[in-house]
Amino acid sequence: VLLAKKSKKRLKKNEKAAFEALVEEGDPPWRTDGHKFLSKRIQYEVSDGYSAFGTVTGWISKDDKDKEGEAGFISETIGKPAALFHVTFDTNSRIASQDLE
């Protein structure tokens with residue numbers, strides 16, 4: 001994931017509603033404040049050479065726990081709890097949203 005220049009891009013009404021539903025359903029819930037990457041624009045490169053652009057709209061801390069007291073996210077790369085970021089991609093993208101380490 002390549003972080004691009006700062007931007008306060010506003011989510012469209014339907015994108016905002018979809019993300020708000022995701023926040024409500026999450027276990028642990030997605031945080032929508034408290035991290036420097038929130039509202040940052042990113043470029044996500046897909047394996048076929050396609051690049052999608054989006055905005056970081058939520059995150060889970062490495063310290064967050066789910067309802068059962070387990071880590072909110074375990075990184076497959078390092079095998080330990082890690083931060084996870086939710087990205088909502090631009091409407092002209094082939095990807096709607098993605099969760100990224």
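As the structure is a prediction and not an experimental result, all values here were calculated from the model.
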Minimal non-hydrogen separation, [X] against [Y], with atom names:
{"X": "P28", "Y": "I60", "value": "CG-CG2, 3.9 Å"}
{"X": "S75", "Y": "A82", "value": "CB-CB, 3.9 Å"}
{"X": "S51", "Y": "E45", "value": "OG-CG, 3.5 Å"}
{"X": "D64", "Y": "R31", "value": "OD1-NH2, 2.5 Å"}
{"X": "D66", "Y": "A71", "value": "OD2-O, 4.4 Å"}

*How long is the gap from CD1 on I42 to NZ on K40, to the nearest 0.5 Å?*
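Output value for this atom pair is 12.5 Å.
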*Measure up the W59 and F85 rings against each other and bin them: parallel (under 30°), tilted (30 to 60°), perpendicular (over 60°).*
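The arrangement is parallel - the two ring planes meet at less than 30°.
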*Would you call V56 and S39 a side-chain contact if the rule is heavy atoms closer than 4.5 Å?*
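Not touching, per the 4.5 Å side-chain cut-off.
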_Hydrophobic clusters here meaning ILVMFWY residues chained together by side-chain heavy-atom distances under 4.5 Å, can you tell me if F89 and F53 are in one?_
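Result: no, two separate clusters.
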_So for atom NZ, which belongs to K65, do other residues, nucleotides or ligands contribute more than 12 heavy atoms lying within a distance under 6.0 Å?_
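Counting neighbours around NZ of K65, more than 12 heavy atoms of other residues, nucleotides or ligands fall under 6.0 Å, so yes.
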*asked:* Determine whether a donor-acceptor pair (N or O, by modelled atom type, separation under 3.5 Å) exists between the side chain of T55 and the backbone of T57.
replied: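 Looks like no, no N/O pair under 3.5 Å.
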